[in-house]
Amino acid sequence: MNVLILGSGGREHALSWKIARSPLLKKLFIAPGNSGTSELGTNVDMNPGDFASIVEFIRDFAIDLIVVGPEDPLVNGLHDFIRQEPFFKNIVIVGPAKAGAKLEGSKEFAKEFMTRYGIPTARYASFTRDELTDGKAYIETMKPPYVLKADGLAAGKGVLIMTDLDNTLDELEAMLDGKFGIASSKVVVEEFLKGVELSVFVLTDGESYHILPEAKDYKRIGEGDTGLNTGGMGAVSPVPFADDEFMKKVVDRVIEPTISGLKDQGIPYEGFIFFGLINVDGNPFVIEYNVRMGDPEAEVVIPRIESDLLELMSKMGSPEFANCQIKFDKRAATTVMMVSGGYPEAYEKEKEITGLDNVDDSIIFHAGAKLSDGKVLSSGGRVLAVTSLADQWPDALKNSYKNAEKIRFDKMYYRRDIGFDL
Ligand code: AMP
Ligand code: GLY
(Lines give C-alpha, C1' and ligand atoms only; values in the text may rest on other atoms or scores of the structure.)
(Ligands and ions follow the chains in the order given, each with its own letter.)
Protein backbone atom coordinates (compact mmCIF):
# COMPACT_ATOMS: atom_id res chain seq x y z
CA MET A 1 0.00 0.00 0.00
CA ASN A 2 1.04 3.59 -0.56
CA VAL A 3 0.46 5.66 2.56
CA LEU A 4 0.34 9.40 3.15
CA ILE A 5 0.65 10.74 6.69
CA LEU A 6 -0.26 14.39 7.26
CA GLY A 7 1.47 16.38 9.97
CA SER A 8 4.94 17.12 11.30
CA GLY A 9 5.12 16.32 15.01
CA GLY A 10 6.29 13.54 17.29
CA ARG A 11 2.91 11.89 16.79
CA GLU A 12 3.46 11.70 13.04
CA HIS A 13 6.99 10.36 13.54
CA ALA A 14 5.57 7.65 15.82
CA LEU A 15 2.88 6.79 13.25
CA SER A 16 5.52 6.65 10.50
CA TRP A 17 7.82 4.49 12.66
CA LYS A 18 5.02 1.96 13.14
CA ILE A 19 3.64 1.99 9.60
CA ALA A 20 7.14 1.69 8.12
CA ARG A 21 7.42 -1.70 9.88
CA SER A 22 4.41 -3.15 8.07
CA PRO A 23 5.06 -5.70 5.32
CA LEU A 24 1.99 -4.25 3.57
CA LEU A 25 3.71 -0.90 3.03
CA LYS A 26 4.97 -0.04 -0.44
CA LYS A 27 5.68 3.69 -0.22
CA LEU A 28 5.38 6.07 2.70
CA PHE A 29 5.01 9.81 2.30
CA ILE A 30 4.79 12.34 5.11
CA ALA A 31 3.59 15.89 4.52
CA PRO A 32 5.34 17.96 5.63
CA GLY A 33 7.12 15.59 8.09
CA ASN A 34 10.33 16.34 10.00
CA SER A 35 13.93 15.14 10.31
CA GLY A 36 12.73 11.90 11.93
CA THR A 37 10.13 10.97 9.32
CA SER A 38 12.60 11.62 6.49
CA GLU A 39 14.46 8.47 7.57
CA LEU A 40 11.35 6.33 7.23
CA GLY A 41 9.73 7.67 4.08
CA THR A 42 9.65 10.64 1.75
CA ASN A 43 8.86 14.03 3.20
CA VAL A 44 6.64 16.10 0.93
CA ASP A 45 6.60 19.87 1.13
CA MET A 46 2.83 20.14 1.35
CA ASN A 47 0.67 21.83 3.97
CA PRO A 48 -2.03 19.63 5.58
CA GLY A 49 -4.41 22.56 5.03
CA ASP A 50 -3.85 22.66 1.27
CA PHE A 51 -6.69 20.33 0.27
CA ALA A 52 -6.32 20.82 -3.51
CA SER A 53 -2.63 19.83 -3.46
CA ILE A 54 -3.39 16.84 -1.24
CA VAL A 55 -6.00 15.55 -3.69
CA GLU A 56 -3.58 15.99 -6.57
CA PHE A 57 -0.88 14.14 -4.62
CA ILE A 58 -3.22 11.24 -3.82
CA ARG A 59 -3.95 10.85 -7.51
CA ASP A 60 -0.36 11.27 -8.73
CA PHE A 61 1.16 8.86 -6.22
CA ALA A 62 -1.69 6.31 -6.09
CA ILE A 63 -2.18 6.70 -2.34
CA ASP A 64 -4.29 3.92 -0.76
CA LEU A 65 -4.46 5.14 2.83
CA ILE A 66 -4.16 8.55 4.48
CA VAL A 67 -3.60 9.16 8.17
CA VAL A 68 -4.48 12.68 9.24
CA GLY A 69 -2.35 13.57 12.28
CA PRO A 70 -3.69 16.95 13.48
CA GLU A 71 -7.31 18.03 13.97
CA ASP A 72 -7.44 21.22 11.88
CA PRO A 73 -7.75 19.63 8.44
CA LEU A 74 -10.45 17.28 9.75
CA VAL A 75 -12.50 20.03 11.38
CA ASN A 76 -12.16 22.00 8.13
CA GLY A 77 -13.47 19.12 6.03
CA LEU A 78 -10.45 17.41 4.42
CA HIS A 79 -12.10 14.01 4.62
CA ASP A 80 -15.24 15.28 2.87
CA PHE A 81 -13.13 17.10 0.26
CA ILE A 82 -11.25 13.91 -0.65
CA ARG A 83 -14.43 11.82 -0.75
CA GLN A 84 -16.07 14.23 -3.24
CA GLU A 85 -13.92 12.63 -5.92
CA PRO A 86 -15.70 9.42 -6.95
CA PHE A 87 -12.28 8.12 -8.03
CA PHE A 88 -11.19 8.05 -4.36
CA LYS A 89 -14.09 5.96 -3.11
CA ASN A 90 -11.91 3.10 -1.89
CA ILE A 91 -9.22 5.10 -0.19
CA VAL A 92 -9.03 4.61 3.56
CA ILE A 93 -8.94 7.92 5.41
CA VAL A 94 -7.96 7.64 9.07
CA GLY A 95 -9.64 10.77 10.37
CA PRO A 96 -13.37 11.56 10.38
CA ALA A 97 -15.46 13.72 8.06
CA LYS A 98 -16.47 17.20 9.19
CA ALA A 99 -19.64 16.02 10.94
CA GLY A 100 -17.68 13.67 13.22
CA ALA A 101 -14.80 16.09 13.68
CA LYS A 102 -17.26 18.43 15.40
CA LEU A 103 -16.69 16.32 18.51
CA GLU A 104 -13.43 18.26 18.77
CA GLY A 105 -14.27 21.30 16.64
CA SER A 106 -17.20 22.45 18.77
CA LYS A 107 -17.20 22.08 22.54
CA GLU A 108 -20.92 22.89 22.58
CA PHE A 109 -21.64 20.12 20.08
CA ALA A 110 -19.58 17.70 22.18
CA LYS A 111 -21.41 18.68 25.37
CA GLU A 112 -24.84 18.34 23.73
CA PHE A 113 -23.82 14.97 22.33
CA MET A 114 -22.68 13.71 25.75
CA THR A 115 -25.80 15.00 27.43
CA ARG A 116 -28.06 13.36 24.87
CA TYR A 117 -26.39 9.98 25.24
CA GLY A 118 -25.91 10.07 28.99
CA ILE A 119 -22.13 10.19 28.84
CA PRO A 120 -20.74 11.51 32.14
CA THR A 121 -19.34 15.02 31.81
CA ALA A 122 -19.27 18.26 33.81
CA ARG A 123 -22.56 20.19 34.12
CA TYR A 124 -22.53 23.09 31.66
CA ALA A 125 -24.36 25.80 29.76
CA SER A 126 -23.27 27.72 26.66
CA PHE A 127 -23.74 31.37 25.78
CA THR A 128 -23.40 33.74 22.82
CA ARG A 129 -22.74 37.50 22.98
CA ASP A 130 -26.50 38.17 23.09
CA GLU A 131 -26.74 35.98 26.18
CA LEU A 132 -23.95 37.64 28.15
CA THR A 133 -26.25 38.60 31.05
CA ASP A 134 -27.55 35.02 31.33
CA GLY A 135 -23.98 33.75 31.15
CA LYS A 136 -22.87 35.97 34.01
CA ALA A 137 -25.89 34.96 36.07
CA TYR A 138 -25.08 31.29 35.41
CA ILE A 139 -21.48 31.74 36.56
CA GLU A 140 -22.76 33.37 39.74
CA THR A 141 -24.68 30.18 40.56
CA MET A 142 -21.45 28.14 40.40
CA LYS A 143 -18.67 27.55 42.86
CA PRO A 144 -15.02 28.35 42.01
CA PRO A 145 -12.86 27.36 40.25
CA TYR A 146 -14.77 28.46 37.15
CA VAL A 147 -14.17 26.83 33.76
CA LEU A 148 -14.70 28.81 30.53
CA LYS A 149 -14.19 27.18 27.15
CA ALA A 150 -14.17 28.74 23.71
CA ASP A 151 -16.56 26.68 21.59
CA GLY A 152 -14.22 26.37 18.59
CA LEU A 153 -10.57 25.45 18.01
CA ALA A 154 -8.24 27.96 19.67
CA ALA A 155 -4.83 26.29 19.27
CA GLY A 156 -5.11 24.69 22.70
CA LYS A 157 -5.50 28.04 24.45
CA GLY A 158 -9.29 28.32 24.60
CA VAL A 159 -9.82 26.91 28.11
CA LEU A 160 -9.61 29.25 31.11
CA ILE A 161 -9.79 28.06 34.71
CA MET A 162 -10.14 30.86 37.25
CA THR A 163 -10.90 31.28 40.92
CA ASP A 164 -11.89 34.95 41.11
CA LEU A 165 -15.54 35.61 40.28
CA ASP A 166 -15.11 39.16 38.96
CA ASN A 167 -12.22 38.14 36.71
CA THR A 168 -14.28 35.26 35.40
CA LEU A 169 -17.20 37.53 34.54
CA ASP A 170 -14.79 39.90 32.73
CA GLU A 171 -13.19 36.99 30.88
CA LEU A 172 -16.56 35.70 29.73
CA GLU A 173 -17.27 39.12 28.24
CA ALA A 174 -13.79 39.35 26.66
CA MET A 175 -14.17 35.90 25.11
CA LEU A 176 -17.59 36.68 23.70
CA ASP A 177 -16.15 39.94 22.38
CA GLY A 178 -13.67 37.95 20.32
CA LYS A 179 -10.65 37.23 22.54
CA PHE A 180 -10.14 33.99 20.58
CA GLY A 181 -11.68 35.31 17.37
CA ILE A 182 -14.62 33.37 16.01
CA ALA A 183 -13.67 30.37 18.20
CA SER A 184 -15.07 32.17 21.26
CA SER A 185 -18.20 33.63 19.67
CA LYS A 186 -19.83 30.96 21.83
CA VAL A 187 -18.52 30.01 25.27
CA VAL A 188 -19.17 26.88 27.29
CA VAL A 189 -19.24 27.49 31.05
CA GLU A 190 -18.81 24.31 33.02
CA GLU A 191 -18.46 22.87 36.44
CA PHE A 192 -14.87 22.17 37.61
CA LEU A 193 -14.11 18.49 38.13
CA LYS A 194 -11.46 17.40 40.56
CA GLY A 195 -9.49 14.26 39.77
CA VAL A 196 -6.59 12.78 37.84
CA GLU A 197 -6.70 12.96 34.05
CA LEU A 198 -5.95 10.21 31.56
CA SER A 199 -6.37 9.67 27.85
CA VAL A 200 -8.10 6.69 26.28
CA PHE A 201 -8.01 6.01 22.54
CA VAL A 202 -9.97 3.92 20.10
CA LEU A 203 -9.55 3.28 16.41
CA THR A 204 -13.01 2.96 14.88
CA ASP A 205 -14.65 2.70 11.49
CA GLY A 206 -17.97 3.78 12.95
CA GLU A 207 -19.27 0.19 13.18
CA SER A 208 -16.81 -1.40 15.57
CA TYR A 209 -13.75 -0.23 17.43
CA HIS A 210 -10.49 -1.35 18.97
CA ILE A 211 -9.30 0.13 22.24
CA LEU A 212 -5.64 1.15 22.26
CA PRO A 213 -3.44 1.40 25.36
CA GLU A 214 -4.36 4.32 27.60
CA ALA A 215 -1.87 7.06 28.54
CA LYS A 216 -1.34 9.94 30.89
CA ASP A 217 0.01 13.23 29.60
CA TYR A 218 1.80 15.94 31.60
CA LYS A 219 0.50 19.20 30.20
CA ARG A 220 2.11 21.94 32.29
CA ILE A 221 5.54 23.37 31.55
CA GLY A 222 6.78 23.26 35.14
CA GLU A 223 7.59 20.42 37.50
CA GLY A 224 4.84 19.45 39.91
CA ASP A 225 2.31 20.39 37.19
CA THR A 226 2.82 24.11 37.51
CA GLY A 227 3.02 26.99 35.06
CA LEU A 228 1.60 27.40 31.60
CA ASN A 229 -0.21 24.74 29.63
CA THR A 230 1.75 23.17 26.78
CA GLY A 231 0.95 20.62 24.10
CA GLY A 232 2.29 18.01 26.53
CA MET A 233 5.69 17.55 28.22
CA GLY A 234 5.76 13.80 28.61
CA ALA A 235 3.56 10.74 28.93
CA VAL A 236 3.33 7.27 30.38
CA SER A 237 1.38 4.17 29.35
CA PRO A 238 -0.24 2.18 30.89
CA VAL A 239 -1.81 4.31 33.61
CA PRO A 240 -1.70 2.44 36.95
CA PHE A 241 -5.16 3.50 38.15
CA ALA A 242 -6.81 2.50 34.87
CA ASP A 243 -7.41 -1.04 36.13
CA ASP A 244 -9.97 -3.48 34.72
CA GLU A 245 -12.77 -2.12 36.88
CA PHE A 246 -12.13 1.48 35.85
CA MET A 247 -11.70 0.57 32.17
CA LYS A 248 -14.97 -1.37 32.22
CA LYS A 249 -16.70 1.82 33.33
CA VAL A 250 -14.94 3.70 30.53
CA VAL A 251 -16.19 1.16 27.97
CA ASP A 252 -19.76 0.97 29.30
CA ARG A 253 -20.31 4.63 30.13
CA VAL A 254 -18.14 6.45 27.59
CA ILE A 255 -16.90 4.43 24.61
CA GLU A 256 -20.00 2.36 23.81
CA PRO A 257 -22.46 5.28 24.08
CA THR A 258 -20.15 7.45 21.97
CA ILE A 259 -19.94 4.93 19.13
CA SER A 260 -23.66 4.16 19.25
CA GLY A 261 -24.49 7.87 19.59
CA LEU A 262 -22.56 8.64 16.40
CA LYS A 263 -24.46 5.86 14.63
CA ASP A 264 -27.76 7.12 16.04
CA GLN A 265 -27.07 10.60 14.65
CA GLY A 266 -26.10 9.16 11.26
CA ILE A 267 -22.54 10.44 11.60
CA PRO A 268 -20.09 8.12 9.86
CA TYR A 269 -16.76 8.06 11.69
CA GLU A 270 -13.46 6.59 10.55
CA GLY A 271 -10.44 7.34 12.65
CA PHE A 272 -9.13 7.74 16.15
CA ILE A 273 -11.24 8.99 19.02
CA PHE A 274 -9.24 10.39 21.91
CA PHE A 275 -11.27 10.51 25.10
CA GLY A 276 -9.81 13.09 27.47
CA LEU A 277 -11.03 11.70 30.79
CA ILE A 278 -10.84 12.63 34.42
CA ASN A 279 -11.12 10.08 37.21
CA VAL A 280 -13.47 11.51 39.82
CA ASP A 281 -13.57 9.15 42.82
CA GLY A 282 -13.16 6.10 40.60
CA ASN A 283 -15.64 7.25 37.96
CA PRO A 284 -14.66 8.44 34.47
CA PHE A 285 -15.94 11.81 33.23
CA VAL A 286 -15.24 13.20 29.76
CA ILE A 287 -13.34 16.50 29.73
CA GLU A 288 -13.05 16.58 25.96
CA TYR A 289 -13.08 14.58 22.77
CA ASN A 290 -10.30 14.81 20.21
CA VAL A 291 -10.63 13.30 16.76
CA ARG A 292 -6.98 12.28 16.40
CA MET A 293 -4.22 10.68 18.42
CA GLY A 294 -2.69 12.70 21.23
CA ASP A 295 0.81 14.11 21.15
CA PRO A 296 2.89 13.06 23.15
CA GLU A 297 0.47 10.22 23.97
CA ALA A 298 1.09 8.67 20.53
CA GLU A 299 4.77 8.40 21.40
CA VAL A 300 3.95 5.94 24.20
CA VAL A 301 0.77 4.32 22.85
CA ILE A 302 1.97 3.43 19.36
CA PRO A 303 5.21 1.70 20.46
CA ARG A 304 3.04 -0.53 22.67
CA ILE A 305 0.98 -1.81 19.71
CA GLU A 306 2.47 -5.13 18.64
CA SER A 307 0.03 -5.86 15.83
CA ASP A 308 0.37 -4.46 12.34
CA LEU A 309 -1.33 -1.06 12.63
CA LEU A 310 -1.35 -0.54 8.87
CA GLU A 311 -3.15 -3.84 8.38
CA LEU A 312 -5.71 -2.86 11.01
CA MET A 313 -6.25 0.55 9.42
CA SER A 314 -6.54 -0.99 5.96
CA LYS A 315 -9.51 -3.09 7.13
CA MET A 316 -11.48 -0.08 8.35
CA GLY A 317 -14.86 0.01 6.63
CA SER A 318 -14.89 -3.75 5.96
CA PRO A 319 -16.49 -6.41 8.18
CA GLU A 320 -13.01 -7.85 8.78
CA PHE A 321 -12.09 -4.83 10.88
CA ALA A 322 -14.27 -6.05 13.75
CA ASN A 323 -12.58 -9.47 13.72
CA CYS A 324 -9.00 -8.18 13.77
CA GLN A 325 -7.10 -9.14 16.88
CA ILE A 326 -4.94 -6.40 18.24
CA LYS A 327 -2.02 -7.26 20.53
CA PHE A 328 -0.15 -4.99 22.89
CA ASP A 329 3.29 -5.02 24.42
CA LYS A 330 2.77 -5.57 28.15
CA ARG A 331 5.77 -3.41 28.97
CA ALA A 332 5.33 0.17 30.08
CA ALA A 333 6.32 3.09 27.88
CA THR A 334 7.40 6.56 28.92
CA THR A 335 8.29 9.61 26.92
CA VAL A 336 10.02 12.82 27.92
CA MET A 337 9.61 15.89 25.70
CA MET A 338 12.65 18.04 25.12
CA VAL A 339 11.54 21.58 24.32
CA SER A 340 13.03 24.88 23.21
CA GLY A 341 13.92 27.43 25.89
CA GLY A 342 10.99 29.83 26.36
CA TYR A 343 8.31 27.37 25.17
CA PRO A 344 5.26 27.58 25.39
CA GLU A 345 5.81 31.32 24.98
CA ALA A 346 8.18 32.81 22.39
CA TYR A 347 11.20 30.55 21.83
CA GLU A 348 14.27 30.38 19.62
CA LYS A 349 14.66 27.91 16.77
CA GLU A 350 17.45 26.77 14.43
CA LYS A 351 19.56 25.34 17.27
CA GLU A 352 21.80 22.44 16.32
CA ILE A 353 20.91 19.20 18.11
CA THR A 354 23.83 16.94 19.01
CA GLY A 355 24.22 13.61 20.78
CA LEU A 356 21.46 11.77 18.90
CA ASP A 357 23.92 9.07 17.81
CA ASN A 358 24.82 8.26 21.42
CA VAL A 359 21.30 7.23 22.36
CA ASP A 360 20.68 3.58 23.26
CA ASP A 361 17.61 1.77 24.65
CA SER A 362 15.32 4.67 23.69
CA ILE A 363 13.48 5.71 20.57
CA ILE A 364 13.85 9.36 19.68
CA PHE A 365 10.73 10.68 18.01
CA HIS A 366 11.46 13.97 16.31
CA ALA A 367 8.84 16.74 16.63
CA GLY A 368 9.94 20.32 15.93
CA ALA A 369 13.18 19.23 14.28
CA LYS A 370 14.43 19.47 10.71
CA LEU A 371 17.41 18.46 8.60
CA SER A 372 19.63 21.18 7.22
CA ASP A 373 22.97 20.49 5.49
CA GLY A 374 23.25 17.15 7.26
CA LYS A 375 22.57 18.68 10.68
CA VAL A 376 19.45 18.30 12.80
CA LEU A 377 18.13 21.71 13.88
CA SER A 378 15.28 22.63 16.19
CA SER A 379 12.31 24.07 14.31
CA GLY A 380 9.52 24.17 16.88
CA GLY A 381 8.65 24.44 20.56
CA ARG A 382 8.48 20.74 21.27
CA VAL A 383 11.63 19.35 19.66
CA LEU A 384 12.16 15.65 20.53
CA ALA A 385 10.32 12.95 22.46
CA VAL A 386 12.55 10.39 24.19
CA THR A 387 10.54 7.16 24.46
CA SER A 388 11.58 4.03 26.37
CA LEU A 389 10.00 0.68 27.17
CA ALA A 390 10.62 -1.50 30.23
CA ASP A 391 8.73 -3.99 32.40
CA GLN A 392 8.07 -1.27 34.98
CA TRP A 393 7.48 2.35 34.12
CA PRO A 394 10.10 3.75 36.54
CA ASP A 395 12.78 1.75 34.67
CA ALA A 396 11.50 3.01 31.34
CA LEU A 397 11.63 6.53 32.69
CA LYS A 398 15.21 6.07 33.88
CA ASN A 399 16.19 5.16 30.32
CA SER A 400 14.35 8.15 28.89
CA TYR A 401 16.22 10.46 31.27
CA LYS A 402 19.56 8.71 30.73
CA ASN A 403 19.23 9.33 27.00
CA ALA A 404 17.80 12.84 27.30
CA GLU A 405 21.03 13.71 29.12
CA LYS A 406 23.06 12.69 26.08
CA ILE A 407 21.24 15.12 23.82
CA ARG A 408 22.13 18.79 23.64
CA PHE A 409 20.79 21.94 22.05
CA ASP A 410 21.08 25.52 23.19
CA LYS A 411 18.54 26.46 25.91
CA MET A 412 16.83 23.06 25.83
CA TYR A 413 14.50 22.17 28.68
CA TYR A 414 12.62 19.10 29.86
CA ARG A 415 10.65 18.19 32.95
CA ARG A 416 12.45 15.83 35.29
CA ASP A 417 9.34 14.66 37.12
CA ILE A 418 7.24 12.84 34.53
CA GLY A 419 5.16 10.22 36.39
CA PHE A 420 5.67 12.04 39.72
CA ASP A 421 2.04 11.56 40.78
CA LEU A 422 1.63 7.87 39.90
P1 AMP B 1 -9.37 20.94 27.11
O2 AMP B 1 -8.80 21.90 26.08
O3 AMP B 1 -10.83 20.79 27.08
O4 AMP B 1 -8.56 19.69 27.17
O5 AMP B 1 -9.02 21.59 28.54
C6 AMP B 1 -7.69 21.86 28.89
C7 AMP B 1 -7.43 21.38 30.28
O8 AMP B 1 -8.25 22.10 31.20
C9 AMP B 1 -7.80 19.93 30.53
O10 AMP B 1 -6.79 19.06 30.15
C11 AMP B 1 -8.04 19.93 32.01
O12 AMP B 1 -6.81 19.86 32.70
C13 AMP B 1 -8.64 21.27 32.26
N14 AMP B 1 -10.11 21.18 32.31
C15 AMP B 1 -10.97 21.35 31.29
N16 AMP B 1 -12.23 21.22 31.70
C17 AMP B 1 -12.19 20.97 33.02
C18 AMP B 1 -13.18 20.74 34.02
N19 AMP B 1 -14.47 20.76 33.76
N20 AMP B 1 -12.76 20.50 35.28
C21 AMP B 1 -11.43 20.49 35.59
N22 AMP B 1 -10.47 20.70 34.68
C23 AMP B 1 -10.82 20.93 33.41
N1 GLY C 1 -1.48 15.89 24.54
C2 GLY C 1 -2.78 16.39 24.40
C3 GLY C 1 -3.28 16.43 23.04
O4 GLY C 1 -2.73 15.87 22.11
O5 GLY C 1 -4.31 17.05 22.83
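Below, all heavy atoms of this structure are taken into account, side chains as well, without hydrogens, waters or symmetry copies. Read the numbers this way: they start at 1 and go in the same order the structure lists the ligands and their atoms.
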Participant: Would you mind running through ligand 2 and noting each atom that sits below 4.0 Å from a heavy atom of Gly231?
Facilitator: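 Close to Gly231: 1 (N), 2 (C).
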Participant: Just which atoms of ligand 1 are under 4.0 Å from any heavy atom in Ile161?
Facilitator: 8 (O), 13 (C), 14 (N), 22 (N), 23 (C)
Participant: Please could you name the atoms of ligand 2 that Glu297 approaches to less than 4.0 Å, counting only its heavy atoms?
Facilitator: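 Here the atoms of ligand 2 in question are 1 (N), 2 (C), 4 (O).
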Participant: Quick one: are the ring centres of Phe29 and Phe57 less than 6.0 Å apart?
Facilitator: yes
Participant: Consider salt bridge (Lys or Arg N to Asp or Glu O under 4.0 Å). Of Lys186, Lys149, Lys102, which one does Glu108 pass it with?
Facilitator: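 That would be Lys186.
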Participant: Is the distance from the ring center of Phe51 to that of Phe81 below 6.0 Å?
Facilitator: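 Centroid separation for Phe51 and Phe81: below 6.0 Å.
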Participant: Determine the minimum heavy-atom distance between Leu371 and Ser38, stating which atoms define it.
Facilitator: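 What the structure gives for the nearest pair is CD1-OG, 3.7 Å.
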Participant: For atom 17 (C) of ligand 1, which protein heavy atom lies nearest, and how many Å away is it?
Facilitator: Ile287 CD1, 3.5 Å
Participant: Please list the nearest protein heavy atom to atom 2 (C) of ligand 2 with its residue and the distance rounded to 0.1 Å.
Facilitator: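 The closest one turns out to be Asp217 OD2, 3.4 Å.
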Participant: Heavy-atom count check: over 12 atoms from other residues, nucleotides or ligands less than 6.0 Å from Ile182 CD1?
Facilitator: no
Participant: Quick check: Phe192 and ligand 1, any N/O pair under 3.5 Å apart?
Facilitator: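 No, there is no polar N/O contact under 3.5 Å.
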Participant: Are Phe192 and Tyr146 an aromatic pair by the rule of ring centers under 6.0 Å?
Facilitator: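 Distance test on ring centres: not under 6.0 Å, no.
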Participant: So, do Phe275 and Tyr289 have ring centers that fall under 6.0 Å from each other?
Facilitator: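 Yes, close enough.
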Participant: Please verify whether a non-hydrogen atom of Arg11 lies at under 4.0 Å from ligand 2.
Facilitator: no
Participant: For Lys219, take its heavy atoms, then give the atoms of ligand 1 lying under 4.0 Å from any of them.
Facilitator: 10 (O)
Participant: So which heavy atom in the protein is nearest atom 5 (O) of ligand 1, and how far is it from that ligand atom?
Facilitator: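 Looking only at protein heavy atoms, the one closest to atom 5 (O) of ligand 1 is Val159 CG2, 3.4 Å.
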Participant: Which atoms of ligand 1 sit under 4.0 Å from any heavy atom of Lys107?
Facilitator: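 Answer, ordered by atom number: 1 (P), 2 (O), 3 (O).
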Participant: Polar contacts were defined as any N/O atom of the residue lying under 3.5 Å from an N/O atom of the ligand; does this apply to Arg292 and ligand 2?
Facilitator: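 Arg292 vs ligand 2: N/O contact under 3.5 Å present.
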Participant: Ring of Phe113, cation from Lys111 - is the NZ or CZ under 6.0 Å from the centre and inside 45° of the axis?
Facilitator: no
Participant: So, 4.0 Å and heavy atoms of Pro296: is ligand 2 close enough to count as a contact?
Facilitator: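 Contact present.
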Participant: Work out which heavy atom in Leu153 is nearest to a heavy atom in Ala183; give both atom names and the distance.
Facilitator: O-CB, 3.3 Å
Participant: Looking only at distances, can you tell me whether any N or O atom of Asn229, backbone or side chain, sits closer than 3.5 Å to an N or O atom of ligand 1?
Facilitator: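 Checking ligand 1 against Asn229, no N or O pair falls under 3.5 Å apart.
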Participant: Taking only heavy atoms of Phe274 into account, list the atoms of ligand 2 that are under 4.0 Å away from them.
Facilitator: 3 (C), 4 (O), 5 (O)
Participant: Among all the protein's non-hydrogen atoms, which is closest to atom 21 (C) of ligand 1, and how far away is it?
Facilitator: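 Closest protein heavy atom to atom 21 (C) of ligand 1: Leu193 O, 3.2 Å.
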Participant: Any Lys/Arg nitrogen of Lys402 or Glu405 sitting under 4.0 Å from an Asp/Glu carboxylate oxygen of the other?
Facilitator: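 Glu405 and Lys402: not salt-bridged.
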Participant: Tell me: protein heavy atom nearest atom 19 (N) of ligand 1, and distance?
Facilitator: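 Scanning the protein heavy atoms, the shortest distance from atom 19 (N) of ligand 1 goes to Glu190 OE2, 2.6 Å.
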Participant: Find all atoms of ligand 2 within a distance of less than 4.0 Å from any non-hydrogen atom belonging to Gly294, and give their numbers and elements.
Facilitator: 4 (O)
Participant: Run down the list Glu197, Glu288, Lys149 and name the one with the heavy atom closest to atom 15 (C) of ligand 1.
Facilitator: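 Looking at heavy atoms only, Lys149 sits closest to atom 15 (C) of ligand 1.
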Participant: My question is simple, although I want it checked carefully: is atom 13 (C) of ligand 1 less than 4.0 angstrom from any protein heavy atom?
Facilitator: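 Answer yes: something from the protein, a heavy atom, is under 4.0 Å.
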Participant: Any nitrogen or oxygen of Asp295, main chain or side chain, under 3.5 Å from a nitrogen or oxygen of ligand 2?
Facilitator: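 Min N/O separation from ligand 2 is below 3.5 Å for Asp295.
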Participant: Measure across Asn283 and Phe246 and return the closest heavy-atom pair with its distance rounded to 0.1 Å.
Facilitator: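 Taking Asn283 first and Phe246 second, the nearest heavy atoms are C-CE1, 4.0 Å.
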Participant: Mind listing the closest non-hydrogen atom pair of His366 and Asn34 along with its distance?
Facilitator: O-ND2, 2.8 Å
